[in-house]
Enquirer: 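Take a look at the following structure, please.
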Number of protein chains: 2
Amino acid sequence: MGTRQEISELPPDADLARADSLAREIFAEIANKWALLIIEFVGQRTMRFGELRDAIGGISHKMLTQNLRMLEHNGLITRTVHATVPPRVEYTLTEAGQALRTVVDGMCDWTQRFLPHIEAARRDG
Amino acid sequence: MGTRQEISELPPDADLARADSLAREIFAEIANKWALLIIEFVGQRTMRFGELRDAIGGISHKMLTQNLRMLEHNGLITRTVHATVPPRVEYTLTEAGQALRTVVDGMCDWTQRFLPHIEAARRDG
DNA sequence: CGGAATCCTCAGCGATACTG
DNA sequence: CAGTATCGCTGAGGATTCCG
């Protein structure tokens, strides 16, 4: 991509349209409900594992760990282990994570705003 | 939700935190890579089924249909059938869809912007 | 060309149990 | 309390085929 003899009517620069595979891969990893919900909740304040699990609700222990690892690996959250007993592990957003959080906020707002619209659309079928 | 004797340190109104189950359900439906990619591409211009399939790339016939139906059902896209032969079916964003599109745009921008950051984080890993 | 239905497979995910 | 590992299953999702 980058060359474009073929198409004509697309806007000059179309975001993910000219996405290199890496951008796509990242987009695909991030764009799932659990990851985004985690970003949203951790964005509110630093949280512990258990707090997060309870706050999100309906997420399994395994999925939470899995997504936390993924987000950490991509540098969106920071994992801090306090060597106490019982152990205390806290999760915080990195700069990148906070930037994403504003986007997710937008998505939450959108959901609230268009809730009536969506309900209506569903009724009409 | 709506009552909140328990918690204390959460910001006054925490978006999806006090999410009723319907908002959550919608969020979960929309927040998947295929749905968001469709929104992004259809947002660029009205597109036909085949165009979309090619533009997105890597999506199966089935998944595309499935997600298009879902988005239509939630009132995010409009499906227009031209009674010609061969058939011509076009998809366009509704007002709600366009609003969501701006959010997805933000997410695409974010991906581009923090791509280096993420690559770096992965290397340290 | 766009859609529906069928079959089949693999991995996403939940449940459970064990460690530090 | 947090994390890892294992097992087992359901169902998401790919490939294929037929229809309008």
Side-chain angles (χ1 to χ4, degrees), chain A residues 6-7 9 21 24-38 41-42 45-74 76-93 125, chain B residues 6-7 9 24-39 41-42 45-74 76-93 125:
Chain A
E6 352 69 318
I7 346 166
E9 321 234 55
S21 54
R24 268 298 184 88
E25 180 199 329
I26 292 177
F27 187 90
E29 269 195 72
I30 305 298
N32 84 69
K33 64 171 176 175
W34 292 137
L36 294 185
L37 279 176
I38 291 174
F41 280 102
V42 176
R45 62 180 171 96
T46 296
M47 285 181 99
R48 303 181 55 178
F49 186 90
E51 286 177 319
L52 249 164
R53 180 174 25 71
D54 298 343
I56 295 181
I59 189 174
S60 71
H61 189 104
K62 186 181 179 180
M63 280 302 96
L64 183 52
T65 322
Q66 207 168 93
N67 279 278
L68 283 172
R69 289 288 169 281
M70 182 273 285
L71 293 172
E72 186 191 2
H73 178 241
N74 287 324
L76 300 198
I77 61 177
T78 308
R79 180 169 173 270
T80 311
V81 183
H82 296 85
T84 60
V85 43
R88 179 183 187 85
V89 182
E90 293 184 327
Y91 294 93
T92 319
L93 290 189
Chain B
E6 354 64 322
I7 348 168
E9 322 235 53
R24 269 296 185 92
E25 179 198 331
I26 293 178
F27 186 90
E29 268 196 72
I30 306 298
N32 82 70
K33 63 171 175 175
W34 292 137
L36 294 185
L37 280 176
I38 292 175
I39 292 290
F41 280 101
V42 177
R45 62 183 172 92
T46 297
M47 286 181 99
R48 302 180 55 177
F49 186 90
E51 286 177 318
L52 249 166
R53 180 173 24 71
D54 297 343
I56 295 181
I59 188 173
S60 69
H61 190 105
K62 185 181 178 180
M63 278 302 95
L64 183 52
T65 321
Q66 207 170 91
N67 279 277
L68 284 172
R69 288 286 168 284
M70 182 273 285
L71 292 172
E72 187 191 3
H73 178 241
N74 287 323
L76 301 197
I77 60 176
T78 309
R79 179 169 173 271
T80 313
V81 183
H82 297 85
T84 62
V85 46
R88 178 183 188 87
V89 182
E90 293 184 327
Y91 294 94
T92 318
L93 290 189

Enquirer: What are the two closest heavy atoms between A:E51 and A:T46, and how far apart are they?
Expert: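 Between these two residues, the closest heavy atoms are OE1-O, 4.4 Å.
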
Enquirer: Hey, which of these two, A:T65 or A:P86, hits DNA chain D nearer its 5' end, going by closest nucleotide?
Expert: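 Closer to the 5' end of DNA chain D: A:P86.
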
Enquirer: For B:E72, give me all partners under side chain to side chain contact (heavy atoms under 4.5 Å, CB included), at least two apart in sequence or on another chain.
Expert: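 Residues passing side chain to side chain contact (heavy atoms under 4.5 Å, CB included) with B:E72: B:R69, B:I77, B:R79.
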
Enquirer: Distance check needed: D:dA2 P versus A:Y91 OH, whole Å only.
Expert: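 Checked: the OH to P distance equals 8 Å.
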
Enquirer: Side chains of B:T78 and B:T92: donor-acceptor distance under 3.5 Å anywhere?
Expert: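 No.
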
Enquirer: For A:M47 and D:dC1, give me the distance from atom CE to atom P, rounded to whole Å.
Expert: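 Distance, rounded to whole Å: 15 Å.
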
Enquirer: Is the closest side-chain heavy-atom distance between A:I59 and A:L37 below 4.5 Å?
Expert: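 In short, these two side chains do not touch, never coming nearer than 4.5 Å.
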
Enquirer: In whole angstrom, give the distance that lies between atom CZ of B:R53 and atom C1' of C:dG3.
Expert: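 Going from CZ in B:R53 over to C1' in C:dG3 covers 12 Å.
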
Enquirer: On DNA chain C, check which nucleotide each of B:F49 and A:N67 is closest to and give me the residue with the more 5' one.
Expert: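 Nearest-nucleotide comparison on DNA chain C picks B:F49.
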
Enquirer: Looking at five pairs on each end of the helix from C:dC1-D:dG20 to C:dG20-D:dC1, what is the angle between the two axes, given to 10 degrees?
Expert: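 Taking five pairs per end, the axes differ by 40°.
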
Enquirer: Any non-hydrogen side-chain atom of A:N67 less than 4.5 Å from a side-chain atom of A:N32?
Expert: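 A side-chain contact exists here, since the closest heavy-atom pair is under 4.5 Å.
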
Enquirer: CG of B:L64 versus P of C:dC1: gap in Å, rounded?
Expert: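 Computing the B:L64:CG to C:dC1:P distance gives 15 Å.
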
Enquirer: For a 4.5 angstrom cut-off between non-hydrogen side-chain atoms, does A:I38 reach A:Y91?
Expert: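 Of all side-chain heavy-atom pairs linking A:Y91 with A:I38, none is under 4.5 Å.
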
Enquirer: Regarding B:R48, tell me which of base, sugar-phosphate or nothing describes its non-hydrogen contacts under 4.0 Å with the strands shown.
Expert: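 Contact class for B:R48: sugar-phosphate only.
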
Enquirer: Between C:dA4 and B:R69, is there an OP1 or OP2 to side-chain N/O distance shorter than 4.0 Å?
Expert: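 It does, given that an N or O in the side chain of B:R69 lies less than 4.0 Å from OP1 or OP2 of C:dA4.
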
Enquirer: Scan nucleotides 14-18 of chain C against the protein and return all N/O pairs shorter than 3.5 Å with their distances rounded to 0.1 Å.
Expert:
unit_1, atom_1, unit_2, atom_2, d
C:dG14, OP2, A:S60, OG, 2.4
C:dG14, O6, A:K62, NZ, 2.6

Enquirer: Within a strict 4.5 Å, meaning less than it, do heavy atoms of the B:V42 and B:L71 side chains meet?
Expert: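 No, every pair of side-chain atoms sits at 4.5 Å or beyond.
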
Enquirer: Mind listing the closest non-hydrogen atom pair of A:K33 and B:A28 along with its distance?
Expert: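 Between these two residues, the closest heavy atoms are CD-CB, 3.5 Å.
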
Enquirer: Please give, in whole Å, the distance from D:dA2 P to A:R88 CZ?
Expert: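 The answer, rounded to whole Å, is 8 Å.
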
Enquirer: Expressed as a whole number of angstroms, how long is the span from A:K33:NZ to C:dC13:P?
Expert: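 Rounded to the whole Å, the gap is 8 Å.
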
Enquirer: Are any of the side-chain heavy atoms of A:E29 and A:H73 separated by less than 4.5 Å?
Expert: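 The answer is no, as the side chains (C-beta and beyond) never meet within the 4.5 Å cut-off.
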
Enquirer: Starting at CD of A:Q66 and ending at P of C:dA11, how long is that distance when rounded to a whole Å?
Expert: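 Answer to the nearest Å: 13 Å.
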
Enquirer: OP1 or OP2 of D:dA2 less than 4.0 angstrom from a side-chain nitrogen or oxygen of A:R79, does that happen here?
Expert: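 No, outside the criterion.
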
Enquirer: Whole-Å distance between C:dG2 C1' and B:I77 CD1?
Expert: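 Taking CD1 of B:I77 and C1' of C:dG2, I get 14 Å after rounding.
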
